[in-house]
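Scroll down for the structure; my scribbles are underneath it.
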Amino acid sequence: MDRIVLWGFADVPQLQWFLFGLFFVIYMIILLGNGTILVITKVEPALHTPMYFFLGNFSFVEICYVSVTLPRMLMNLGTQRRTISLVACATQMCCVLVLGAAECFLLAVMAYDRYVVICNPLQYPLVMTHKVCLQLVAASWISGIPVQVGQTFQVFSLPFCASRVINHFFCDIPPVLKLACGETFTSELMIFVAAVLFVSAPFLLILISYSKIISTVLKLPSATSRAKAFSTCSSHLTVVLLFFGSAIITYFRPEASYSAETDKVLSLFYTIVTPTFNPIIYSLRNKDVIIALKKIII
């Protein structure tokens, strides 16, 4: 089996061009919004801080992440050619997994940055040096590569049944595994282990960071100080809930409750909705970003 079919949204043929236009506009918004954040964090001196360094890298990951899935989906909607080669499918899956892991780790790093600046403000310049920031970002990018490449190889080394149709809009692990014949326990175990390492562990670190942040903030003497401290975290926390909420439900729900339609909806959240709202959340709720945008526009 050298080619498979990405079924995508073929079950609603009357909406193909509407969906093409909708997702094309969304893709442009994602590129423009995240690209703007990436540029202003590089060119605006006031944003040359660890928090915005991480935000710029996160926006770059979002651009890469969505560019792995959306262009292929747009091509399928526009041409009605839904086939994809096995190599291209494996490459897409591997890129999605590696970039997804990088995104999880970067969100954890951003939470750690907020923890240090709020809970240990005097040590912040000593702890979050430029070298440490570079190391944290590099680790976020690199850490997932060996495991996710191995996981992709494991999935595509399985024998596939006669059916070549994936009821999804990109090559994700759960729908691809549905094509496999025979024993898939090893692959499912690897998925669970990878999900624990790259989803649960970062999410747990974020929860620990924010529990300490909340504990520290509640001890601040004035309501103004508490409001200011919480405002620096609210944007990040919103993105965390959007991304991790849908990802955890997708990869940790029981096999018996698996539904292709539900899977597609959940996947839309962490592959399209989060990258779309990321720049909006950070720009509308952040005075420094708004000021930098005004300076560039003027």
Side-chain angles (χ1 to χ4, degrees), residues 50-51 53-55 57-59 61-62 65 96-121 123-124 127-128 132-152 172-174 187-219 229-255 257-258 263 266-267 269-271 273-275 277-278 281-282:
M51 183 176 91
F53 175 71
F54 296 136
L55 178 59
N57 276 275
F58 184 73
S59 293
V61 172
E62 294 278 50
Y65 192 69
V96 166
L97 293 175
V98 169
L99 291 167
E103 193 163 351
C104 290
F105 283 127
L106 273 175
L107 286 170
V109 167
M110 292 165 77
Y112 174 70
D113 174 69
R114 294 298 83 203
Y115 158 72
V116 177
V117 78
I118 291 173
C119 300
N120 299 288
Q123 296 181 10
Y124 186 71
V127 175
M128 301 303 289
V132 170
C133 292
L134 286 173
Q135 290 172 340
L136 288 170
V137 168
S140 298
W141 275 93
I142 297 169
S143 297
I145 293 176
V147 175
Q148 304 296 16
V149 170
Q151 184 166 247
T152 303
D172 201 7
I173 291 181
S187 295
E188 290 171 0
L189 182 62
M190 282 189 68
I191 293 169
F192 180 78
V193 171
V196 170
L197 286 174
F198 302 118
V199 179
S200 298
F203 188 61
L204 183 61
L205 290 173
I206 291 169
L207 290 179
I208 292 171
S209 296
Y210 273 105
S211 65
K212 292 184 178 295
I213 288 171
I214 292 169
S215 176
T216 301
V217 169
L218 291 177
K219 294 175 184 176
F230 276 127
S231 68
T232 64
C233 303
S234 58
S235 301
H236 176 255
L237 197 55
T238 304
V239 173
V240 165
L241 293 174
L242 272 174
F243 181 79
F244 277 99
S246 53
I248 287 172
I249 294 171
T250 299
Y251 291 102
F252 281 97
R253 71 184 190 273
E255 179 71 18
S257 65
Y258 178 84
D263 201 45
L266 290 170
S267 297
F269 267 91
Y270 62 82
T271 58
V273 175
T274 303
F277 284 99
N278 171 46
I281 291 167
Y282 276 104

Checklist entry - Between Q148 and A194, which heavy-atom pair has the shortest distance, and what is it? => result OE1-CB, 4.4 Å
Checklist entry - Should Q151 and I173 be marked as a side chain to side chain contact (heavy atoms under 4.5 Å, CB included) after you check the CA-CA gap, both sets of side-chain angles, and the distance that decides it? => result CA-CA 9 Å; Q151 184 166 247; I173 291 181; 3.3 Å; yes
Next on the checklist: What I'd like to find out is whether the side chain of C133 reaches to under 4.5 Å of the side chain of F54, using heavy atoms alone.
Outcome noted: yes
Next on the checklist: I208: which residues meet the side chain to side chain contact (heavy atoms under 4.5 Å, CB included) condition with it, sequence neighbours left out?
Outcome noted: L204, K212
Checklist entry - Can you name the nearest heavy-atom pair linking S59 to N278, along with the distance? => result OG-ND2, 3.7 Å
Item to check | Heavy-atom side-chain proximity of Q123 to V116 below 4.5 angstrom | outcome: no
Next on the checklist: Between R114 and I213, is there a side-chain heavy-atom distance shorter than 4.5 Å?
Outcome noted: yes
Next on the checklist: Within the 4.5 Å heavy-atom criterion, are V127 and N120 side-chain neighbours or not?
Outcome noted: no
Could you pull out all donor-acceptor pairs under 3.5 Å where a side-chain atom in residues 134-141 meets a protein atom, sequence neighbours excluded?
residue	atom	partner	partner atom	Å
S140	OG	L136	O	2.9

Next on the checklist: What's the separation between atom CZ in F198 and atom CD in E103, rounded to the nearest 0.5 Å?
Outcome noted: 14.5 Å
Next on the checklist: Set out, in order, the CA-CA distance, both residues' side-chain angles and the distance that settles side chain to side chain contact (heavy atoms under 4.5 Å, CB included) for I118 and C233, then state yes or no.
Outcome noted: CA-CA 10 Å; I118 291 173; C233 303; 3.5 Å; yes
Checklist entry - Nearest 0.5 Å, what's the CG-CG distance between L237 and L107? => result 10.5 Å
Checklist entry - In terms of heavy-atom contacts, does CZ of F277 have more than 12 from other residues, nucleotides or ligands at under 6.0 Å? => result no
Item to check | Approximate separation, where rounding is to 0.5 Å, of M128 CE and M51 CE | outcome: 11.5 Å
Checklist outcome for this item: On a heavy-atom basis, the closest approach of S209 and A111 is CB-O, 3.9 Å
Checklist outcome for this item: Smallest heavy-atom separation, I206 atom then F244 atom, equals CD1-CE1, 3.6 Å
Checklist entry - Which distance, rounded to the nearest 0.5 Å, do you find between the CG of N57 and the CG of L106? => result 6.0 Å
Next on the checklist: Could you report the tightest heavy-atom contact between D172 and S267, atom names first, then the distance?
Outcome noted: OD2-OG, 4.1 Å
Checklist entry - Do F243 and E62 have side chains that get closer than 4.5 Å, going by heavy atoms? => result no
Checklist outcome for this item: Looking only at heavy atoms, the pair that brings S143 and P146 closest together is O-CD, 3.6 Å
Checklist entry - Do the non-hydrogen side-chain atoms of V239 and T274 ever get within less than 4.5 Å of each other? => result yes
Item to check | Residues forming a side chain to side chain contact (heavy atoms under 4.5 Å, CB included) with S211, sequence neighbours excluded | outcome: none
